[in-house]
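Starting from 1, each residue takes its place in the sequence as its number. What you are looking at is a predicted structure, and each value in this text was computed from that prediction instead of being measured.
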Amino acid sequence: MSVITIGKFDGFHTGHRLLLEKLQILTQKGEPGIVLMIRSGGERLLTHEEEMTVLAEYGAPQPVILPFDEELMRMTPEEFVRSYIQEKFHGSHIIVGSDFRFGYQRSGDVNTLRKLGAERGFQVTAVDKLFREGEVVSSSRIRKLYAEGNVKKASLLLGSDIRYAGIVKHGKELGRKLGFPTINLYPPEEKLLPRFGVYRTEVKMDEDVVYSGLTNIGLRPTVNDGEKVTIESHLISYSGNAYGKRAEVKLLDFIRPEMHFGSIAELQEQMKNDLKSL
């Protein structure tokens with residue numbers, strides 16, 4: 001028998017973590033825990049590696065990922081319970097959010113699940129939604145904050161910093177020629193990006209040395225030559241050779257949207273002004 005928590009878990013935000021806390025409590029008696037993630041396509045708030053880090057914090061196992069495909073979409077609530085909760089995972093206790101919906105055309109809810117549990121021998125715990133500043137914490141709310149560039153508030157709702165990590169790649173060294181040397185990362189394709197623009201950041205380099213910096217996320221319209229989206233950071237007081245090293249950029253605050261300048265000189269002047277915000 002097992003204890004199962006079910007949801008989309010996009011971002012494992014602070015609301016989702018209430019379910020993980022409940023899972024942690026209910027599995028203390030020895031029954032295994034299962035995190036059943038209903039996964040649809042598109043960009044996500046966290047990479048798979050970041051999701052694993054969050055789960056490890058709660059002593060939760062690696063998730064079982066259930067693609068939201070045609071077969072799952074057409075399952076009735078009764079078929080879902082029989083196929084997954086009973087036959088595949090032998091659930092004895094199910095943990096969901098209070099707004100949980102499942103089955104064909106979202107026809108099942110928590111009451112449906114409780115009714116089926118009473119008939120088929122499993123318990124159901126519904127965890128109330130978490131509110132912050134009068135609004136429900138949700139992935140859609142966090143995604144809206146990303147679109148606005150409000151990374152400070154988004155990170156509070158997520159319960160973790162918004163970070164982008166990777167290996168520093170060679171660019172055209174235009175920043176160095178402009179007097180503002182930068183490091184370039186290419187974001188993972190599966191991870192959602194915030195509003196294109198300039199951010200105040202902290203960049204971890206050189207075995208956990210952290211540098212203050214300015215980071216532009218976007219297509220660099222003034223000098224764009226068709227390259228894909230880059231995360232380009234100017235590190236204050238860094239003078240080493242960063243190529244080939246791993247860097248991690250933490251977004252702290254939005255400064256301004258990405259802009260197109262009429263000349264390189266205008267871009268240089270704006271970069272000087274941006275640095276005054278640090």
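- Looking only at side-chain heavy atoms (C-beta outward), Leu251 and Ile217 come within less than 4.5 Å of each other.
- Between Ile85 and Ile6, some side-chain heavy-atom pair lies under the 4.5 Å cut-off.
- Atom CD of Glu248 sits about 12.0 Å away from atom CE of Met205, to the nearest 0.5 Å.
- For Leu252, the side-chain contact (heavy atoms from CB on, under 4.5 Å) partners two or more places apart in sequence, or in a different chain, are Arg200, Glu202, Lys250.
- Partners of Glu78 by salt bridge (charged side-chain N to carboxylate O under 4.0 Å, His left out), not counting sequence neighbours: none found.
- With sequence neighbours excluded, the residues forming a salt bridge (charged side-chain N to carboxylate O under 4.0 Å, His left out) with Lys191 are Glu50, listed by chain and number.
- Atom-to-atom distance recorded for Arg74:CZ and Gln105:CD is 8.5 Å, nearest 0.5 angstrom.
- The distance from the CD1 atom of Ile183 to the OG1 atom of Thr230 is 11.5 Å, given to the nearest 0.5 Å.
- Ile94 places none of its side-chain heavy atoms less than 4.5 Å from the side chain of Thr125.
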Report, one line per pair, each donor and acceptor closer than 3.5 Å where one atom sits in a side chain of residues 151-160; sequence neighbours left out.
{"from": "Lys153", "atom 1": "NZ", "to": "Glu133", "atom 2": "OE1", "distance (Å)": "2.8"}
{"from": "Ser155", "atom 1": "OG", "to": "Val151", "atom 2": "O", "distance (Å)": "3.2"}
{"from": "Ser155", "atom 1": "OG", "to": "Lys152", "atom 2": "O", "distance (Å)": "2.8"}

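- Evaluation of the ring pair (Phe, Tyr, Trp, His ring centres under 6.0 Å) test over residues 197-218, restricted to residues two or more places apart or in two chains, returns Tyr199-Phe254, Tyr211-Tyr238.
- The salt bridge (Lys or Arg N to Asp or Glu O under 4.0 Å) contacts involving residues 101-110 comprise nothing, where partners must be two or more places apart or lie in separate chains.
- Once rounded to the nearest 0.5 Å, the distance linking CG of Leu45 with CD of Glu190 reads 12.0 Å.
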Would you give me the side-chain donor-acceptor pairs under 3.5 Å for residues 51-63, sequence neighbours excluded?
{"from": "Glu51", "atom 1": "OE1", "to": "Arg39", "atom 2": "NH2", "distance (Å)": "3.2"}
{"from": "Glu51", "atom 1": "OE2", "to": "Arg39", "atom 2": "NH2", "distance (Å)": "3.1"}
{"from": "Glu51", "atom 1": "OE2", "to": "Arg44", "atom 2": "NE", "distance (Å)": "3.1"}
{"from": "Glu51", "atom 1": "OE2", "to": "Arg44", "atom 2": "NH2", "distance (Å)": "3.3"}
{"from": "Thr53", "atom 1": "OG1", "to": "Glu49", "atom 2": "O", "distance (Å)": "3.2"}

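- The shortest side-chain heavy-atom distance between Glu87 and Arg82 falls under the 4.5 Å cut-off.
- Heavy-atom contacts from other residues, nucleotides or ligands closer than 6.0 Å to CD of Glu119 number more than 12.
- Under a hydrophobic-cluster definition in which Ile, Leu, Val, Met, Phe, Trp and Tyr are linked whenever side-chain heavy atoms come within less than 4.5 Å, directly or via other members, Leu219 and Leu185 are assigned to the same cluster.
- With sequence neighbours excluded, the residues satisfying salt bridge (charged side-chain N to carboxylate O under 4.0 Å, His left out) with Lys129 are Asp99.
- Evaluation of the ring pair (Phe, Tyr, Trp, His ring centres under 6.0 Å) test over residues 15-42, restricted to residues two or more places apart or in two chains, returns Phe9-His16, His13-His16.
- Ile34 and Leu66 end up in the same hydrophobic cluster when Ile, Leu, Val, Met, Phe, Trp and Tyr side chains are linked at under 4.5 Å.
- Hydrophobic clustering, with ILVMFWY side chains joined whenever heavy atoms are under 4.5 angstrom apart, groups Leu113 together with Phe68.
- Side-chain heavy atoms closer than 4.5 Å link hydrophobic residues (I, L, V, M, F, W, Y) into clusters, and following such links, even through other members, never connects Leu26 to Phe122.
- Legend: residues meeting salt bridge (charged side-chain N to carboxylate O under 4.0 Å, His left out) with Arg246, ordered by chain and number and at least two apart, are absent.
- Partners of Gln28 under the side-chain contact (heavy atoms from CB on, under 4.5 Å) rule, at least two apart in sequence or in another chain, do not exist in this structure.
- Here the side chain of Thr201 pairs a donor or acceptor atom with the backbone of Gly213 at under 3.5 angstrom.
- Between Leu116 and Val124 the shortest side-chain heavy-atom distance does not fall below 4.5 Å.
- Within the 4.5 Å cutoff, no side-chain heavy atoms of Ile162 are placed close to those of Pro194.
- Applying the side-chain contact (heavy atoms from CB on, under 4.5 Å) test to Ser107 and every residue at least two apart in sequence or in another chain returns Pro77.
- Between Leu72 atom CG and Ile38 atom CD1 the span is 5.5 Å, to the nearest 0.5 Å.
- Nearest heavy atom pair, residue Ser92 against residue Met1, reads CB-CE, 3.7 Å.
- Between atom CZ of residue Arg163 and atom OG1 of residue Thr47 there is a gap of 12.0 Å, rounded to the nearest 0.5 Å.
- If you chain together hydrophobic residues whose side chains sit under 4.5 Å apart, Phe102 and Val3 never meet in one group.
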